[in-house]
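Report on the following structure.
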Amino acid sequence: MKLSRGVSVFLLAFGVWSWFIWITFVRNLFRDASGLAFDAAGDPTAYFWVHLALAVTSFGLGTAVGVIGLRGLRASRRPGRDGS
């Protein structure tokens with residue numbers, strides 16, 4: 001399957017955006033002082049673990065989508081490789 005250049009750029013941008021958003025979220029999660037992420041003793045709560053799992057999953061999916069976009073861009077730049 002060959003991706004168009006526009007779709008490839010979108011997928012790559014989505015992967016980069018996903019990393020940017022979730023890195024910011026994880027940074028804020030570790031700095032949380034509201035009591036949601038850490039209890040009074042400083043131990044992680046269920047909120048912390050669930051959101052950390054969401055972030056790790058999103059890192060993986062963002063990476064996969066970004067790699068697909070990058071491969072699509074590289075394939076679109078190769079002359080004479082139209083897959084037919």
Donor-acceptor contacts under 3.5 Å from residues 53-60 side chains, at least two apart:
| from | atom 1 | to | atom 2 | distance (Å) |
| --- | --- | --- | --- | --- |
| Thr57 | OG1 | Ala53 | O | 2.9 |
| Ser58 | OG | Trp22 | NE1 | 3.4 |
| Ser58 | OG | Leu54 | O | 3.0 |

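Taking CZ from Phe25 and CD1 from Ile21, the interatomic distance works out to 11.0 Å, rounded to the nearest 0.5 Å. In this structure, NZ in Lys2 is found 9.5 Å from OG in Ser8, a value given to the nearest 0.5 Å.
At most 12 heavy atoms of other shown residues, nucleotides or ligands fall within 6.0 angstrom of atom CZ in Phe14.
As a member of the Ile/Leu/Val/Met/Phe/Trp/Tyr network built from side-chain separations under 4.5 Å, Val9 groups with Leu12, Leu70, Leu73.
Judged as a ring pair (Phe, Tyr, Trp, His ring centres under 6.0 Å), and not counting sequence neighbours, the contacts of Phe48 are Phe30, Phe38.
Residue Leu3 comes nearest to Gly72 through the heavy atom pair CD1-CA, 4.4 Å, listed as atom of the first residue, atom of the second, then distance.
Under a hydrophobic clustering in which Ile, Leu, Val, Met, Phe, Trp and Tyr are joined whenever their side-chain heavy atoms come within less than 4.5 Å, directly or via other members, Val16 and Leu11 fall into different clusters.
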Evaluation steps, ring pair (Phe, Tyr, Trp, His ring centres under 6.0 Å), between Phe20 and Trp17: CA-CA 5 Å; Phe20 174 75; Trp17 177 252; 5.8 Å; yes
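Between Asp32 and Asn28, the closest side-chain pair of non-hydrogen atoms is not below 4.5 Å.
With respect to Tyr47, the side-chain contact (heavy atoms from CB on, under 4.5 Å) criterion is satisfied by exactly one of Leu52, Asp39, Leu36: Leu36.
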